[in-house]
Amino acid sequence: MFSQLRLSLLVTCIGVLLVPFAHALGSSCSAPLTQGTASPQDSYWLQTIKHQGTSAFNPDKSYEVFRNVKDFGAKGDGVTDDTAAINKAMSTGNRCGGGTCGSSTITPAIVYFPPGKYLVSAPINTYYYTQMIGDAKQPPTLLAAPGFKGFAVIDPDADPYMAGGAQWFINQNNFYRSVRNLVIDLRQMPASAPAIGLHWQVSQATSLINVVVEMSKESGTQHQGLFMENGSGGFMGDIIFNGGKIGAFVGNQQFTVRNITVNDAVVAIAAPWNWGWTWQGVSINNCKVGFNLTTSSGGIGSEAIIDAVVMNTDVFISTTTPSNSSRQGSLILNNIDLQNVPVAVGVQNGDVVLAGDTTIISWAQGNVYYGTDGKPVFTQGPIEGPLKVPGIVDPQGKIFGKSHPQYPDYALDQIVSVKSLGAVGDGVADDTKALQKVFDEYAGCKLIFLDAGTYYVTDTLVPAGSQIVGEAWSVIMGGGSKFQDEQNPKAVVQVGEDCSGTPPLCCITGANGLFGPHGILEISDIVFTTRGHAPGAIVVEWNVHEPLGVQGGAGMWDSYVRIGGAAGTDLQLAECPAGSLNTDCMAAFLGLYLTEGSSAYLEGTWVWTADHDMEDPQLRQISIFTGRGVLSESLGPVWMIGTAAEHATLYQYNLNKAENHWIGLAQTETPYYQPIPQAPAPFSINSKYSDPTFDATHGEAWAFYVQSSWSITLFGGGFYSFFQLQNYSTACVANVTCQNQLFNIDDFSTIQVYGVSTVGTEFQLSVDQKGVINETSNPTGFQQSFAAWLRW
């Protein structure tokens, strides 16, 4: 009822419901940016725009961020072997990789592929901090040669298993990678060859977007679309696998997948192990098996699948062992349409657990909990499904999703570069006024391109009504005296004007308060951070609300809040070594704040306080302090798809008086240095920001904290505590004593919880800070997993 009231009020927002609001509020552009004007013959703007991006802290000032593979000799004619040219484009500039560099932020790159067919005879070796981007209008093809030699066409490692099993990167720290708009074709290789499209052993801040892998459909084919044996991810979406023995082989701690299609494979998806995965929007056609799950000890922790259509497939879910206890992990199915699928859930060479050829409304296998009882109910059957409020679902009743915007229909004259308009981006010059001027003049009528660089700002930026695109994760860095007062926190980037106090024109007053300024706001490929002592910095404050009838109109994709641990932050090993309590290393008050009147579509968002120095060859740990991770007081709708928050002092996620949230999967880690000092130290409690309370028995950060919130669904969670004491000891993991509690729901909130895995905590879920779900009932390997918690 409240949502309907709000919708009726929105129509009073003068002239801005269906166009970017900044234009309506006085932007100097002559016409609003409502659609692209590029002709079919025009090249994709990312190829033709002037490339003047730089790496602010790379000592080589000639370093090139943007690399067109054709500039390095690639032909793209489907005949010439382009392997050497592509790898030259990838590696030029003393980039981070090759087993000698674990990570670095100073060698970012976009490796761009114009339309064409690029024949490759050996792996494309992807380096750290790389975006491989194909033409968004005509996605190019990477064509594996008949005699291709190597592990995979796209491979993080030149040789994935070097001497002694060493790898190029530590998989849990393999951040900042994206592959977009590419077709990988293995069909020239023999069907008997163990061909792989992508080797994707990655962690957070990574994505696969708009990728197609073509494989042999011959009997006995050994082709695989994707191979992932380890890592700690991550997000992927809009993926298609055609043919092959296995579409996607996925072993990783946690991941979120949105919109995946597998056609004509023997096994669509094989999962040898995980702690928790969420699958949203799955299409499987003409396969033998949909999901092949390894359910022995140490295999699957949690698999949560929603909105799937499976056709002409023998078995939808196949488990390797009889799933007759929680030790085999948990499985959650919701809105699964099975057509000509005889078996919905079955054991290999064993029993049929659930018959097919039906629509599965909501079904679970594993331990289910109710209220504060704390008694596990092992379930193999129907359970109450997620609440799907109108704003969260699309017109077909499925959870809404929106792809990473790439603007393929935009003409070059619809785009402005901030460097061409006076911003410097060298990490030294104060770019506050230059950037704000661009936002004021062009928001709502030009796509704003933040050329690669680090843009230092000393006061709040307000990018109202803007569509903003970074280049190889352009950085906005806040620093200076205005962000140093913990008692008076101030936003570094304020997404939409604040509706408190004297509201701007498009803030709507309703029965329960103010709703945020309404309009289109899109941010992609940006990193937000701080420099030095900044205990009063709210890194991103999100005030904007999507217009009426435009779901996901206020969104952010592949963008991250990263605090410390990188060049130029003055928050690295030298300043903040592990185990130190240096108050100069208080680096932010709050990472991401969704205010009451906002809505947000967040896909692939990671709010990370660095636990190690990414520039250090030994990746040594550091102690940096961020007060809070993600605070949402939004009345919705909010989608958090593939999000994570790590190492904030008080909490990673805090939902306070929030409504209408879809969250799947949410991943957290508590600070490595706790409980010395105990939370909230070195910060103090601030009731204005709805901080939880702490006492002598609970001195560690909360992973997920819910207060007086309604219509919340958590469809997948991974909440981890690995360390204890100032010497960063991991001994507590083995006996699950790193902390007593980390996931709390108050007695007033309406929230449904599915598919949660935890590490290191005695109680996996608490109500009013009293432990309810004890981990001893849910051992599934290294982690502990339960299927669902329901209020009643």
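None of the values given here were measured: they were computed from a predicted structure.
Looking only at atom types and distance, the side chain of S403 has a donor-acceptor partner in the side chain of D238 under 3.5 Å away. S207 and S178 share a side-chain donor-acceptor pair at under 3.5 Å. One side chain, S232 or Q253, offers a donor N or O that lies under 3.5 Å from an acceptor on the other. N210 and N181 share a donor-acceptor pair across their side chains, judged by distance under 3.5 Å alone. A donor atom on one side chain and an acceptor atom on the other are found under 3.5 Å apart for D440 and Q436. N543 and E541 are linked by a side-chain donor-acceptor pair at a separation below 3.5 angstrom, with hydrogens and angles left out of the test.
Side chain of E546 to backbone of G552: a donor-acceptor contact under 3.5 angstrom is found. Remark: side-chain polar atoms of T432 are paired, donor with acceptor, to backbone N or O of T458 under 3.5 angstrom. A donor-acceptor pair under 3.5 Å is absent between the side-chain atoms of N334 and the main chain of I306, judged by distance alone. A donor-acceptor pair is defined here as one N or O able to donate and one able to accept, closer than 3.5 Å; no such pair exists between the side chain of W710 and the backbone of A658. With R531 contributing its side chain and G564 its backbone, the two residues share no donor-acceptor pair below 3.5 Å. Checked by atom type and distance alone, the side chain of S302 never pairs as donor or acceptor with a backbone atom of G276 at under 3.5 Å. In this structure, the side chain of Y601 engages the main chain of K402 through a donor-acceptor pair within 3.5 Å. When atom types are taken as modelled, the side chain of E303 and the backbone of I332 share no donor-acceptor pair closer than 3.5 angstrom. Within the 3.5 Å criterion, the main-chain N or O of S598 finds a donor-acceptor partner in the side chain of S634. Remark: side-chain polar atoms of N174 are not paired, donor with acceptor, to backbone N or O of S203 under 3.5 angstrom.
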Please test F704 against V753 for side chain to side chain contact (heavy atoms under 4.5 Å, CB included), starting from the C-alpha separation and ending with a verdict.
-> CA-CA 12 Å; F704 203 91; V753 176; over 6 Å; no
Would H661 and T713 count as a side chain to side chain contact (heavy atoms under 4.5 Å, CB included) if you check the C-alpha gap in whole Å, the side-chain angles of each, and the deciding distance to 0.1 Å?
-> CA-CA 6 Å; H661 283 45; T713 297; over 6 Å; no
Side chain to side chain contact (heavy atoms under 4.5 Å, CB included) between V469 and L450, worked out = CA-CA 6 Å; V469 176; L450 259 68; over 6 Å; no
Could you go through the side chain to side chain contact (heavy atoms under 4.5 Å, CB included) check for S632 and N654 one step at a time?
-> CA-CA 6 Å; S632 180; N654 182 3; over 6 Å; no
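Residues V630 and T643 are not in side-chain contact: their nearest non-hydrogen atoms beyond the backbone lie 4.5 Å or more apart. Between Q667 and E646, some side-chain heavy-atom pair lies under the 4.5 Å cut-off. With a 4.5 Å cut-off on side-chain heavy atoms, L631 and L592 do not count as touching. Residues R562 and T569 fail the side-chain proximity criterion, which asks for heavy atoms closer than 4.5 Å. When side chains are defined from C-beta on, D307 does not count as touching V282, because their heavy atoms never get closer than 4.5 Å. In this structure, R628 and N686 have side chains that are in contact, with non-hydrogen atoms separated by less than 4.5 Å. In this structure the side chain of I520 reaches within 4.5 angstrom of the side chain of V550, judged on heavy atoms. Put simply, the side chain of L571 reaches to within 4.5 Å of the side chain of T530, judged on heavy atoms.
Under the salt bridge (charged side-chain N to carboxylate O under 4.0 Å, His left out) criterion, K398 pairs with no residue, sequence neighbours left out. Partners of Y407 under the ring-ring contact (aromatic ring centres under 6.0 Å, His included) rule, at least two apart in sequence or in another chain, are Y410. Among residues two or more places apart in sequence or in another chain, the ring-ring contact (aromatic ring centres under 6.0 Å, His included) test is passed with Y754 by F715. Every residue two or more places apart in sequence or in another chain that forms a salt bridge (charged side-chain N to carboxylate O under 4.0 Å, His left out) with R180 is listed here: D525. For Q396, the side chain to side chain contact (heavy atoms under 4.5 Å, CB included) partners two or more places apart in sequence, or in a different chain, are D394. Applying the salt bridge (charged side-chain N to carboxylate O under 4.0 Å, His left out) test to E633 and every residue at least two apart in sequence or in another chain returns nothing. K657 meets the salt bridge (charged side-chain N to carboxylate O under 4.0 Å, His left out) test with no other residue; sequence neighbours excluded. With sequence neighbours left out, the ring-ring contact (aromatic ring centres under 6.0 Å, His included) criterion links Y720 to W275, F722. When the ring-ring contact (aromatic ring centres under 6.0 Å, His included) test is applied to W45, the partners found at least two apart in sequence or on another chain are F449. Annotation: side chain to side chain donor-acceptor pair (under 3.5 Å) contacts of T626 (sequence neighbours excluded): T609.
The CG atom of L33 sits 10.0 Å away from atom CD1 of I448, with the distance rounded to the nearest 0.5 Å. The CG atom of L435 lies 5.5 Å from the CG atom of L461; values are rounded to the nearest 0.5 Å. Rounding to the nearest 0.5 Å gives a distance of 11.0 Å between CD of E659 and OG of S749. Here the CE atom belonging to M477 is positioned 13.0 Å from the CZ atom belonging to F528, to the nearest 0.5 angstrom. Separating the CZ atom in R177 from the CD atom in Q204 is a distance of 13.5 Å, to the nearest 0.5 Å. With values rounded to the nearest 0.5 angstrom, I745 atom CD1 is found 4.0 Å from F743 atom CZ.
Geometrically, R258 does not engage F235 in a cation-pi contact defined by less than 6.0 Å to the ring centre and at most 45° from the axis.
For residues 469-478, every residue pair satisfying the side chain to side chain donor-acceptor pair (under 3.5 Å) rule, not counting sequence neighbours, is listed here: H51-E471. Counting only residues at least two apart or on different chains, the salt bridge (Lys or Arg N to Asp or Glu O under 4.0 Å) pairs with a member in residues 447-467 are D459-K482, D459-K490.
A distance of 6.0 Å or more separates the ring centres of F400 and W662. For W608 and F175, the ring centers are positioned less than 6.0 Å apart. Centroid-to-centroid, the aromatic rings of Y651 and Y705 stay 6.0 Å apart or farther.
When every heavy atom of A205 is checked against every heavy atom of W606, the shortest pair comes out as CB-CE3, 3.7 Å. A587 and I624 make their closest contact through CB-CG2, 3.7 Å (heavy atoms, listed as atom of the first residue, atom of the second, distance). Scanning both residues, V492 and V539, for their nearest heavy atoms gives CB-O, 3.5 Å.
In this pair, Y560 and Y176 present their aromatic rings perpendicular. The plane angle is above 60°, beyond the 30 to 60° band. Relative orientation of the Y689 and F589 rings is perpendicular, given thresholds of 30° and 60° on the angle between their planes.
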